[in-house]
Amino acid sequence: MSRTIEPEGMTRRKFLTTTAATGCAVAVGSGVLLADGRFVIPNSEGFLVVDMKKCQACGTCMMACALAHTGVSSYSLSRIQVLQDSFVDWPDDVVLAQCRQCQNAPCVEVCPTGANHVDREHGNVRRVDRELCIGCKMCIQSCPFTPARLQWDTGRRKSQKCDLCVDTPYLDEKGGPDGVQACVRVCPVNAIAFTRDMPAQTRDPASYSANLRDWVWKRLGMTTE
Amino acid sequence: MTLYGYAGTILRLDLTARRAIEVETARYRSWGGGHGLGSALFWDFCKDKTITDGRDPANVCIVATSPLNATPTPSAGGRCEVMGVGVGMHPVSWFTRSGFGGRFSTMLKHAGFDAIVIEGRASSPVWVDIRNRKVEFHDASDLWGTDTWTAQKKIWERVGAPRDVRSGWWDFNATAEQALDPETDQGRTTQRPAVLTIGPAGENRTAAGCLIHDAGNGAGQGGFGAVWGSKNLKAISVIGTGEIPVADPMALLRARQVTKDKYVTDIRQPDFASWSHVGGLPNPLFMNPPPTDERRPQACQGCINGCRARFAVGYGNESTCQETAWYLPAVRRVATSVQELSEINLRAADVVQRYGHNSFLFQTGLHWLEHLHEEGVLGPGKAIPSQLPWEKYGTLEFAEKLIHALSHREDIGADLADGWVQAAIKWGREEDLHNGNMQFSYWGMPEHGYDPRAELEWGYGSILGDRDINEHCFNIIFTHVTAAFAFAKPMRIQAQQLVELIAEKLSPYAVNRPEVLDFSDGNMYSEAVAQLTRWHRHYTRFYKQSALFCDLKWPDFYNTNVPDFRGATASDDAGEQVFWNAVTGDSLSFEDGIELGRRIWNLDNAIWTLQGRHRDMVVYAPYVYETRYTKGELFPFFMWPCRDDKGEWQYRDVMGRSIDRGGFEDFKTIFYRLEGWDVDSGWPTRATLEGLDLAEVADTLEAVGRLGKEASR
Amino acid sequence: MTPAAPMDVATARRVLGRVSHAQRFPVGRFVPPVGLLGSFVRGLPELQLALRPESRSLPGVNMERLAAWIEHEVGDPTCAAAVRGAAGAAPSYVEACIAVHELLEQRLETARGIVEAAADARSASGSRTGRT
């Protein structure tokens, strides 16, 4: 059964809007609030793009993601979600839902504690600092995409999101924008890729889709169109 | 104490009382998971182990996961094991097994359970909803009669799953208050429930009844669909948001990465013809040309290279392997193009998936039916009456009518429903079991395609066990070598090197004894081949059927993606035991796993013994002895490593021979002796059982006078 | 002989027809991992489909016996000789199958042309005599 969780209290935007009433740009936490009310944060230096026509829906990326970050096997704790319907035809049978590291990240903007922030030490990745997270779920609610690209950690009562593997204590390789990402590394068919080029910032899911099918795919008898 | 790799709880479903009972997994931890877990649960919860028909209400059916399920262990994350007394085998339906892939085992663990023990019989049709350890029995009257796909979709609706894949998170909480309380918060998922269900073939308790999950995952062998049908159980739905503890996540991820980087051919620049088991590319196992290039490979959870597909054309999704070819010889009678051939075959695959009908029976059975029809024995007004439209044999219409009839016990289905060999006997066609017109080689089930007269380990393993083994551990030798011969390509690995590479991995019984792989005429009934057979039984019972490494990817004995050709199996960096230990925290050696497999295999034999097994029953169908495996009839050659007269290894053709009755009897004696079983009866002995910490099993056998006598020293 | 070599109408009909079940010819298929699938064919159209080249499986046929079957059961000695020749010249079993497949394709096409021409001639003849 679905339900909506209403945010409570003051959002960071409200807070910032109040404090910026003098008309100046105010630097706050992850970003800058301009006089016209726009909240500006530096662009992420890395993004995940996916090929939904290529994915074999094995869920290995989900397992690896949860393990690398939290050390347990869990789909609900995976920062990348693979949704599939066995009774739907290709290509509509599979959806990959990964965080888009949005240019104007609403999840960062709404966080009332600064837990959801831009990590300037790690390529401006949008991350949740678990120490600061109060579990209000506002970031989850603010995500404009379906499904929301942030997850609720039921056991720990915190929000979480993709950090491009900056904080992966169970991965024995360096993660983050300058390292590897568990989902990219583990994908058997290379249906997930890391890029430094920011995809188009639209609501269209296709803007974070890439055609990762190459001559090998063709040779295996599958379309590269 | 944390049980790494386990959900921690086993679910008993008492269908008679419609009651769910929880059992701690810790009690069964020593059995590992999957088959071992299931055999132990069967031993404890099946109160009458003399039953020989799985439809008996005393039968207990177990659906079991492995610690490796729901983990990225390569091609072990999504398999699931089913056990219980089977249906329709001949002369006895043994305690047997089947397996299936997909998402069910993964989701069952996330829902909080390591296994389900299905007991009793519901008074009317039910389906079971399992959600985060909450179990509900629901009336299934209106689902009864629906096909497997319709049933699953209806259950998704009833469970309240998101409408489609573009839906958002599914919050399990009924109220906001429930979500806010850490003690009651049920969490969220984007996933759909995994449903395991039967179709009409199972509902009508036919031996062909399968368990089907999603579009194309099926537990086909054993007639477990009939077992569920007899229990009035239509389906089990599982969904969960839980997490499974892993002992050493870093080691697990590292080993997975080693598998991809070292043992699997590089998908960016692959060797399309590599010789490996785990190291191939995602390549659906169709038996016909795919109908379109608009498709994806589709995989079980955690698989390293998927073997199925979903298409854009609206048929054939997730069917693979035998079900895509069950109707092939018939379709050729009518198809006028390859496109038509492919479409009818894949649509026929959809038919068996939806009816939940085991297509494997047609592997050799369809030829037999056609033969009876063409000989004027079967048809309208014939000795075996049938009103099926035989003049349309090969069309989709005929396939649908045939499967409908067989699934509903109509027409010839009335007799075939309780077993094909039983039907042959009823129809007075025993001669067909002698002359090879009906090639049902082991326990009333069809020959697989790897004839026991040529591929010895397949035949021995099947007849010494409970079913056609369907284990491709060594069979891949035949595939690689025979294909290379057919193309006249150089061998990637020469015979001597190949057998030595494999023998390195055959610890303990056959380690560095390459002669165990010599299938030449002079070595067919040898101690060496018996050791190979033992190793194979024990390896598969643990690693393949309990740890649930996929049959199509493991073991990886040799691997041309690696410079020294040594495969991943038993290796220190990505061997089976590496994954097991990373997940569970055990310190299992590869040989420890083989020994655990021996323990499970012995418990199985104890169950078969209680069911009435005796060595005199362990015989092939008569044609295996009485006719030769005709050269050129199926293929021009069947290549296998053999030693020549000078003891030198070569790839040679092993077609053209039969099994010698006396030779096989001698082989059984050797095998039983090596296993520590009574050579006269084939029953386990007390010494053997006690050596495996199974003294209670020995007591039970002794109490009913079926304990094997010890070998005289 | 070439597969397009002329044949009479009766031969063409045999090429396109089916022999009895008793005259059937065994043709397998090597389909890893399922195994060696057994089956039979009762005519050249079926045989041609059975020999189709395919990346995932191989046809299973005894070429020597096949030529004899085409000669004696189907009744096309010309085609049988061509099959013998093509199979014998091929450097591998797979290439033999491909060669025979192509040969059969042409032979069937030739036969279809002859049967259609005969039907057209009969039809035209029927029109001239006023039969309908």
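Lettering of chains follows the sequences in order, A, B, ..., and the numbering in each one begins at 1.
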Kindly check if the number of other-residue, nucleotide or ligand heavy atoms within 6.0 Å of CD (B/Glu340) is above 12?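 Yes, CD of B/Glu340 has more than 12 neighbouring heavy atoms, counting only those of other groups under 6.0 Å.
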According to side-chain hydrogen bond (donor to acceptor under 3.5 Å, both in side chains), does anything in residues 58-71 of chain C pair up with another residue at least two apart or in another chain? List the pairs.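 Every pair satisfying side-chain hydrogen bond (donor to acceptor under 3.5 Å, both in side chains) with a residue in residues 58-71 of chain C: C/Glu71-C/Arg84.
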*asked:* Between B/Ala330 and chain C, with a heavy-atom cut-off of 4.5 Å, which part of the residue counts as in contact: side chain, backbone, both or neither?
replied: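 For B/Ala330, neither part sits under 4.5 Å from chain C.
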Chain C heavy atoms under 4.5 Å from B/Ile476: which part of the residue, side chain, backbone, both or neither?
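Neither part; nothing is under 4.5 Å.
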By side-chain hydrogen bond (donor to acceptor under 3.5 Å, both in side chains) - contacts of B/Asp293 (at least two apart) =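 Not a single residue meets the side-chain hydrogen bond (donor to acceptor under 3.5 Å, both in side chains) criterion with B/Asp293.
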Would you name the heavy atoms of [X] and [Y] that are closest together and state the gap between them?
| X | Y | result |
| --- | --- | --- |
| B/Pro636 | C/Val61 | CG-O, 3.5 Å |
| C/Val31 | B/Tyr450 | O-OH, 4.5 Å |
| B/Pro329 | C/Gly38 | CG-O, 4.0 Å |
| C/Leu49 | B/Ala335 | CD1-O, 3.3 Å |

- [ ] Can you check whether anything in residues 360-373 of chain B gets within less than 4.5 Å of chain C, heavy-atom wise, and list it by number?
- [x]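 Result: B/Gln363, B/His367, B/His371.
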Q. When rounded to the nearest 0.5 angstrom, what distance separates CD in B/Glu455 from CG in C/Leu36?
A.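 These two atoms lie 9.5 Å from each other.
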- request: Take B/Arg332 and C/Phe40, measure what side chain to side chain contact (heavy atoms under 4.5 Å, CB included) needs, and give me the verdict at the end.
  value: CA-CA 10 Å; B/Arg332 267 204 316 259; C/Phe40 300 94; over 6 Å; no
So which residue, B/Cys321, B/Cys307, B/Ser337, ends up with the most heavy-atom pairs under 4.5 Å with chain C?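 Counting heavy-atom pairs under 4.5 Å, the top option is B/Cys321.
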*Could you tell me which of B/Gly449, B/Ala488, B/Ala325 has the largest number of non-hydrogen atom pairs under 4.5 Å with chain C?*
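Of B/Gly449, B/Ala488, B/Ala325, B/Gly449 has the most heavy-atom pairs under 4.5 Å with chain C.
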Without placing hydrogens or testing angles, list every side-chain donor-acceptor pair under 3.5 Å for residues 282-291 of chain B, not counting sequence neighbours.
{"from": "B/Asn283", "atom 1": "OD1", "to": "C/Arg56", "atom 2": "NH2", "distance (Å)": "3.3"}
{"from": "B/Asn288", "atom 1": "OD1", "to": "C/Arg52", "atom 2": "NH2", "distance (Å)": "3.4"}
{"from": "B/Asn288", "atom 1": "ND2", "to": "B/Thr324", "atom 2": "O", "distance (Å)": "2.9"}

